[in-house]
Every structure is written in structure tokens, then in C-alpha cells.
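One structure below.
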Amino acid sequence: MGLIEGRFEPNIIVTSTDAIFNWARSRSIWPLTFGLACCAIEMMATNASRFDLDRFGIFPRPTPRQSDCLLISGTVTAKMGERLVTLYEQMSEPRYVISMGSCANSGGPYCDHGYHVIKGVDQILPVDVYIPGCPPRPEALIDGFLKLRDLIMKETIAKPSA
Amino acid sequence: MTIPEIFNILQEKFPEAELVLEENNPDPIIRAKCEAIADISLLLRDDPDFSFDSLMCLSGVETVEEFQTVYHLYSMLHNHKVTLRAGGTKEEELIVPTVSHIWPTADWHERESFDLFGIKYTDHPDPRRILLPDDWVGYPLRKDYEPQKTWHKIPLTAIDYKEEDNGDES
């Protein structure tokens with residue numbers, strides 16, 4: 001009866017919805033192209049050919065509607081914090097937040113005297129992964145993405161965390 | 001043209017501007033009454049002997065006694081420089097006429113010095129804050145500035161992790 005007959009039966013893979021969803025999500029984390037400060041330079045370097053985030057399926061998207069992950073790469077000022085929340089709300093679920101560098105984690109050098117800096121972006125957004133460093137090296141950023149990947153693999157659709 | 005020469009010519013042309021040559025600086029600074037700044041600037045740009053065609057920098061300054069606006073001028077034609085200064089005591093608002101119609105670059109400089117020092121510029125085309133949000137309270141580079149604790153419900157104070165850690169241990 002044709003070429004297709006009998007060819008698919010031995011190839012069907014049985015899996016759980018969780019496993020296939022998590023596999024798909026964790027292997028194509030698309031962060032939003034969003035640079036705030038000097039950490040953005042490291043983010044760009046990590047996306048470029050030498051460190052090549054694309055080999056993990058991580059590819060920056062120009063709009064929050066197509067993004068899965070908000071990479072906060074730099075100092076979050078009060079004025080930008082408000083816009084950051086808007087961007088986060090525009091992303092479709094499931095969505096993840098990576099806080100990159102000391103400024104986004106805790107205010108960093110602006111912690112004591114920065115009147116305009118939010119002391120830790122976790123005060124306005126739910127952060128999944130923190131990457132220390134000032135700025136973090138590209139290897140650290142890759143490690144952060146791998147941590148996020150592990151986090152996504154543990155998810156279940158019965159109880160979504162993001 | 002040296003700064004004392006410029007100062008002498010300016011003093012002839014603007015006898016009412018209370019011009020003072022402050023010579024205790026590496027480069028002497030010409031101090032003028034606030035109200036006269038725009039007229040002096042126009043002359044400094046348009047007179048062919050001066051032709052200060054470039055405003056290198058416009059700064060807001062707070063000293064112990066007063067607020068000041070400082071203008072660094074440069075002439076690309078004659079390769080000479082001059083510094084102007086206008087100031088007023090801290091008790092009252094410093095109000096300076098704008099020079100943004102003379103050097104368009106002054107537009108954003110004046111907005112920044114208004115934003116951070118609260119120095120007001122009369123006849124400015126767009127007298128808004130430039131860096132901070134429009135509804136920000138206070139002028140952050142002033143010595144007596146009190147930082148806001150929150151802005152639009154966004155917390156701006158640091159979390160005291162020491163207290164939180166102690167709570168976990170007990």
C-alpha cells in the first residue's frame with residue numbers, strides 16, 4: 001500500500017506530557033533582547049560566535065511576545081523597573097526570569113547610596129536563577145542558563161511554577 | 001585672546017552685570033549676575049573677536065554657600081577658552097536665563113542641571129526633568145537630599161539581610 005505503511009509503528013515513542021513539554025521548553029529558551037548595563041556586553045559576547053548560546057537553543061528574540069525568559073542584565077533603576085514589569089507582563093507563560101550580575105541581584109555597588117536603583121530585582125519580579133559576578137563571565141551566564149534548564153526539567157504541568 | 005582681555009571688554013559692554021574675575025583658579029573664571037548671562041553669551045558667540053561657537057560644558061554646582069551654573073566656552077576659530085559662572089545663595093531658588101537659543105546643546109544640559117540640582121532656567125523651550133521620572137521628589141545631587149523610600153510602590157531601600165538571617169537561625 002505505499003511507502004509509509006509499516007514504517008511508523010516501531011518508531012512511536014511513548015512518553016509523558018511532562019517530559020516532552022519540559023524537553024521542548026528547556027531546549028529552546030528564548031530570552032528577550034534586553035540589555036541594561038555592562039552585563040549586557042557580556043550577554044552579547046555570550047550570544048556571539050565565541051561562546052555561541054545558540055548551541056543550547058538559546059536565541060534572543062526582539063519582542064516579549066516571543067520570549068520565554070527575561071534576562072535582566074544590569075542595573076535596574078526605578079524608572080526602568082516599571083518598564084521591566086510591563087515587559088514581563090507581556091510575555092506569555094511559562095516565563096522565567098534570570099537575574100544577571102550584582103546590580104540585578106542586590107543593587108551591587110549602588111546598594112548603599114543609589115537613590116534611584118532597585119536593590120535586587122526580586123523585589124519586583126519572581127526570579128528563577130541568580131548569576132553572581134560583576135559582570136559575570138560568559139561561562140557563568142551559560143551556567144545560569146543550564147541551571148534554568150534543570151529547573152524547567154523538574155516542572156510538571158499539574159503544578160506549574162512559572 | 002586671554003581671559004583678562006575678554007573680561008575687560010565684557011566689563012566695558014556690561015557695566016551693570018556685576019562682573020568679577022575670580023583669579024584664584026588655574027584658569028580665571030568670569031563671574032556674572034544671573035540675569036546678564038544670556039546677553040553676555042549672545043555677545044560672546046556673535047562678536048567676531050570672540051566667536052565662542054562651542055559650549056563645551058554646562059554644569060550645575062553646589063558649594064557650601066551657593067548653587068552655581070558654570071559655562072565652559074570654546075572658540076574653534078580663535079582657539080581660546082573662557083569660563084563663565086553664575087550663582088545664587090541657597091536660601092532662594094537659583095533662576096538663570098536659558099542659553100539654549102544661543103547654543104542648542106545647552107537644552108539638555110540645562111534640563112539635567114534642573115533635574116539634579118533644581119536650578120531653574122527661564123524661557124527654556126522644554127523645562128522638564130531629563131533623567132529622572134517627571135514625578136520624582138527632590139533634586140538628588142543636592143547635599144541635603146533625602147532619598148525616596150518607594151517610587152510608584154517600587155521599593156528603593158536595601159533589604160537588611162542580617163536581620164533575616166538571624167530569624168532563620170532561631
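Below, chains carry the letters A, B, ... as their sequence lines are ordered, and counting in each starts from 1.
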Query - B:Glu16 atom CD: more than 12 heavy-atom contacts under 6.0 Å - result: yes
Query raised in the report: Is B:Tyr145 reachable from B:Leu94 through a run of hydrophobic residues whose side-chain heavy atoms are each under 4.5 Å from the next?
Result: yes
Query raised in the report: Do other residues, nucleotides or ligands put more than 12 heavy atoms under 6.0 Å from A:Arg65 CZ?
Result: no
Report summary line: If one checks every heavy atom of B:Leu131 against chain A at 4.5 Å, the contacting part turns out to be backbone
Query - Contacting region of B:Thr157 [heavy-atom separation from chain A under 4.5 Å] - result: backbone
Requested in this report: Please indicate whether B:Lys81 has more than 12 foreign heavy atoms, meaning atoms of other residues, nucleotides or ligands, lying under 6.0 Å from its NZ.
Outcome: no
Query raised in the report: Can B:Val96 be reached from B:Leu42 by stepping across I, L, V, M, F, W or Y side chains whose heavy atoms are under 4.5 Å apart?
Result: yes
Report task. Answer yes if B:Tyr74 and B:Ile6 sit in the same cluster of Ile, Leu, Val, Met, Phe, Trp and Tyr residues linked by side chain heavy atoms under 4.5 Å apart, and no otherwise. Result -> no
Query - Heavy-atom donor-acceptor pair, A:Lys119 side chain to B:Leu156 backbone, under 3.5 Å - result: yes
Query raised in the report: How would you list, in number order, the residues of residues 70-80 of chain A that have a heavy atom less than 4.5 Å from chain B?
Result: A:Ala78, A:Lys79
Query raised in the report: Which atom pair, heavy atoms only, marks the closest approach of A:His116 to B:Trp136?
Result: CA-CH2, 4.2 Å
Requested in this report: May I have the step-by-step check of side-chain contact (heavy atoms from CB on, under 4.5 Å) for B:Leu132 and A:Tyr115, ending in yes or no?
Outcome: CA-CA 11 Å; B:Leu132 293 165; A:Tyr115 58 88; 4.1 Å; yes
Report task. Please check if B:Leu10 and B:Ile29 belong to a single hydrophobic cluster, counting links between Ile, Leu, Val, Met, Phe, Trp and Tyr side chain heavy atoms closer than 4.5 Å. Result -> no
Query raised in the report: Side chains of A:Gln123 and B:Ile154: does their closest heavy-atom pair fall under 4.5 Å?
Result: no
Query raised in the report: CZ of B:Phe114: more than 12 outside heavy atoms within 6.0 angstrom?
Result: yes
Query - ILVMFWY network linking B:Phe117 to B:Ile37, side-chain heavy atoms under 4.5 angstrom - result: yes
